[in-house]
Amino acid sequence: RFGPDELAALRGLGAPGGGSLFPEGFLDWLSNLSLSLDVDAIPEGTVVFPNEPLLRVSGPLVEAQILESLLLNIVNFQTLVATKSARIRIAAKGDPVLEFGLRRAQGVDGALAASRAAYVGGAAATSNVLAGTRYGIPVRGTHAHSWVMSWDTEREAFEAFADAHPKNAIFLVDTYDTLDGVRNAVAVGQEMRSKGHELAGLRLDSGDLAALSIEARRILDEGGFPNASISASNDLDEHVIKSLKEQGARIDTWGVGTKLVTAYDEPALGGVYKLAALKRKGGAWVDKVKLSEQAAKTSTPGRHQVRRFRSENGTFAGDAIFDLGRAPAAGARVVVVDPLDGTRRTAFAAGTPAEDLLVPAVRQGKVVYQTPTLRESRDRALAQVKALPEGTKRFLNPHLYPVGLEESLYERRTRLILAARGFGG
């Protein structure tokens, strides 16, 4: 909706040559705008791949255009963070991953979106209490170094924290000397046990996390606390976690902040919003294609759907993008062509189990989709990642999952590109 305040702001925008940027008739039209769009979308928590449409927006062109930046902002950023979270969870091999990124996220709103997306991607909890309250995400965290430094000794700090939080006593042990900190944690844990409480664990935040965790585990076990957990933080990501695992680190829980909420090594997702087909009033759909000097930026015409095929053991086998107006029959043989290399093709035999991914979300401006809970979206994401072929989950030289255009769509796209460049019709 465009209310009085929004219309006044638009009315106040000046044109470069003088006068108002927007004519009054357009502003009057905006004041009565009621969206009549249809939106089809891939359900949140679904594994997706490059070149696939995540949303299909159909309706009056001006309405669809108004939504472009909003949709891209929501989908691009949260897809990026959810993907990073899934990769980190793969590296952790079932250990809980805690999202610790509030202080490094891009703004308060960015921090909330990042916490939400990280949870969908597989994080077990967040340290962002507002995100936990708003979205129902489990909240976990530990005390800061400043807590330890505000007492005369580390042991006093641990004792005070144990008195305040006897059911959640996790001590940050590296403020001064890490292994001395572990010994102090054991001593305070023994005091707690005499009062009927138990040491929950400790957190490492610096140094050689592999070596320190191994030694910390030994001290805890010998001190009588084999069930006390060891958490670790300090600029972790999937690559560091994988390396620490290979070194035999005795870490139970991974706190990941900066490199998760900023997707540090790939900090932007290049999702785009393209006009793919146009229908004049009373006419038929006409395919539209955008050309580019870069093959990857040439668009695909048509109104698209994604069909995902499964292998006999239930894992995902490949995805076909097809046009709704020329959809292959359910259960039919489908040939998929790599849009960047027409010689790379994958055939799925007739009868191969498959599902179409884009489902109705909005019809004539009204939401028709029953939105799952965030936990249900997270469960879907975990199940989807599990169904990926193992080779696609390698961090180094992963197997390329087959994704491409259904053969007839590929051929039509090629003809339109050639025609637009003056070669044939």
Q: Taking everything shown except Arg380 itself, do over 12 heavy atoms lie less than 6.0 Å from its CZ?
A: yes

Q: Is there side-chain contact between Thr153 and Asn184, with at least one heavy-atom pair below 4.5 Å?
A: no

Q: Can you find a side-chain donor-acceptor pair between Gln305 and Asp356 that sits under 3.5 Å?
A: no

Q: Which heavy-atom pair separates Val173 from Ala185 by the least distance, and what is that distance?
A: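 Nearest pair, atom of Val173 first, then Ala185: CG1-CB, 4.4 Å.
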
Q: Any heavy-atom pair between the side chains of Asn128 and Leu112 that's under 4.5 Å?
A: yes

Q: Answer with yes or no whether the side chains of Ser20 and Arg11 bring together a donor and an acceptor at under 3.5 Å.
A: no

Q: Please evaluate residues Lys84 and Asp265 with respect to the criterion salt bridge (Lys or Arg N to Asp or Glu O under 4.0 Å), reporting the C-alpha separation (whole Å), side-chain torsions for both, the decisive distance (0.1 Å), and the verdict.
A: CA-CA 10 Å; Lys84 187 69 170 178; Asp265 51 351; 2.9 Å; yes

Q: Passes salt bridge (Lys or Arg N to Asp or Glu O under 4.0 Å), Arg307 versus Glu355? Steps please.
A: CA-CA 6 Å; Arg307 184 164 295 174; Glu355 63 175 323; over 6 Å; no

Q: Answer yes or no: are there more than 12 heavy-atom neighbours, outside Glu266 itself, under 6.0 Å from its atom CD?
A: no

Q: Verify, without hydrogens or angle tests, whether Ser243 (side chain) and Val240 (backbone) share a donor-acceptor contact under 3.5 angstrom.
A: no

Q: Examine the side chains of Asp205 and Ser233 and answer whether a donor and an acceptor come within less than 3.5 Å of each other.
A: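 There is such a pair between these side chains.
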
Q: Check Pro50 against Val403 and note the closest heavy-atom contact, atom names and distance.
A: O-CG1, 3.8 Å

Q: Is any side-chain heavy atom of Arg203 closer than 4.5 Å to one of Phe171?
A: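 No, too far: nothing below the 4.5 Å cut-off.
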
Q: Under 30°, 30 to 60°, or over 60°: which ring-plane class applies to Phe26 and Trp29, parallel, tilted or perpendicular?
A: parallel

Q: More than 12 non-hydrogen atoms from neighbouring residues, nucleotides or ligands closer than 6.0 Å to CZ on Arg310, yes or no?
A: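 Check passes, neighbour count above 12.
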
Q: So Thr83 and Leu269, side-chain contact (heavy atoms from CB on, under 4.5 Å) or not? Walk me through it.
A: CA-CA 10 Å; Thr83 301; Leu269 184 68; over 6 Å; no

Q: What's the shortest heavy-atom distance between Val75 and Thr79, and which atoms?
A: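 So the two residues come closest at O-OG1, 2.5 Å.
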
Q: May I ask you to check whether Ser85 and Glu99 show a side-chain donor-acceptor distance below 3.5 Å?
A: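 No - no donor-acceptor pair under 3.5 Å links their side chains.
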
Q: Tell me, yes or no, whether the heavy-atom count around Glu246 atom CD, taken from other residues, nucleotides or ligands under 6.0 Å, exceeds 12.
A: yes

Q: Counting only heavy atoms not in Arg345, do more than 12 sit closer than 6.0 Å to its CZ atom?
A: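 More than 12 within 6.0 Å, yes.
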
Q: Got more than 12 heavy atoms from elsewhere within 6.0 Å of CZ, Arg394?
A: yes

Q: Show the nearest heavy-atom pair for residues Thr262 and Gln106, with the distance to one decimal.
A: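 Minimum heavy-atom contact is CG2-OE1, 3.8 Å.
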
Q: If you round to the nearest 0.5 Å, how far is CG of Leu98 from OG of Ser127?
A: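 Those atoms lie 8.5 Å apart.
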
Q: Can you tell me which residue pairs pass the ring pair (Phe, Tyr, Trp, His ring centres under 6.0 Å) test with a partner in residues 224-252, sequence neighbours excluded?
A: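 The answer is His239-Phe395.
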
Q: Is the NZ atom of Lys290 crowded by more than 12 outside heavy atoms at less than 6.0 Å?
A: yes

Q: Might you work through the salt bridge (Lys or Arg N to Asp or Glu O under 4.0 Å) test for Lys195 and Glu191, ending with a clear yes or no?
A: CA-CA 7 Å; Lys195 300 175 183 178; Glu191 294 175 2; 5.5 Å; no

Q: Looking at Arg218, I'd like to know if its CZ atom is crowded, meaning that more than 12 non-hydrogen atoms belonging to other residues, nucleotides or ligands lie closer than 6.0 Å.
A: yes

Q: Distance alone, cut at 3.5 Å: any donor-acceptor contact between the side chains of Thr315 and Ser311?
A: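 Thr315 vs Ser311: donor-acceptor pair found between side chains.
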
Q: Drop me the distance from Leu400's CG to Asp338's CG, to the nearest 0.5 angstrom.
A: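 Nearest 0.5 Å value for the CG-CG distance: 9.0 Å.
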
Q: Determine the minimum heavy-atom distance between Arg140 and Pro96, stating which atoms define it.
A: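 Closest heavy-atom pair between Arg140 and Pro96: NH1-CB, 4.4 Å.
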
Q: Can you name the nearest heavy-atom pair linking Leu55 to Ala41, along with the distance?
A: CD2-CB, 3.3 Å

Q: So do Gln65 and Leu275 actually touch side chain to side chain, heavy atoms under 4.5 Å?
A: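 No - every pair of side-chain heavy atoms lies 4.5 Å or more apart.
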
Q: When you compare the side chain of Val57 with that of Glu63, does any pair of heavy atoms fall below 4.5 Å?
A: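 Contact flag for Glu63/Val57 side chains = no.
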
Q: Once rounded to the nearest 0.5 Å, what's the spacing between atom CG of Leu67 and atom CD1 of Ile74?
A: 9.5 Å

Q: Begin with the C-alpha distance, continue with both residues' side-chain angles, and end with the deciding distance and a verdict on side-chain contact (heavy atoms from CB on, under 4.5 Å) for Glu215 and Thr178.
A: CA-CA 10 Å; Glu215 185 62 16; Thr178 299; over 6 Å; no

Q: Find out whether Val359 and Tyr369 are in side-chain contact, i.e. whether some heavy atom of one side chain is under 4.5 Å from a heavy atom of the other.
A: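 Touching, per the 4.5 Å side-chain cut-off.
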
Q: Quick one: does Tyr119's side chain get under 4.5 Å of Leu374's, heavy atoms only?
A: yes

Q: Please list all pairs meeting ring pair (Phe, Tyr, Trp, His ring centres under 6.0 Å) that have one or both residues in residues 32-59, counting only residues at least two apart or in different chains.
A: Phe49-Tyr401

Q: Any side-chain heavy-atom pair from Arg217 and Asp221 closer than 4.5 angstrom?
A: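 Counting from C-beta outward, Arg217 and Asp221 do come under 4.5 Å.
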
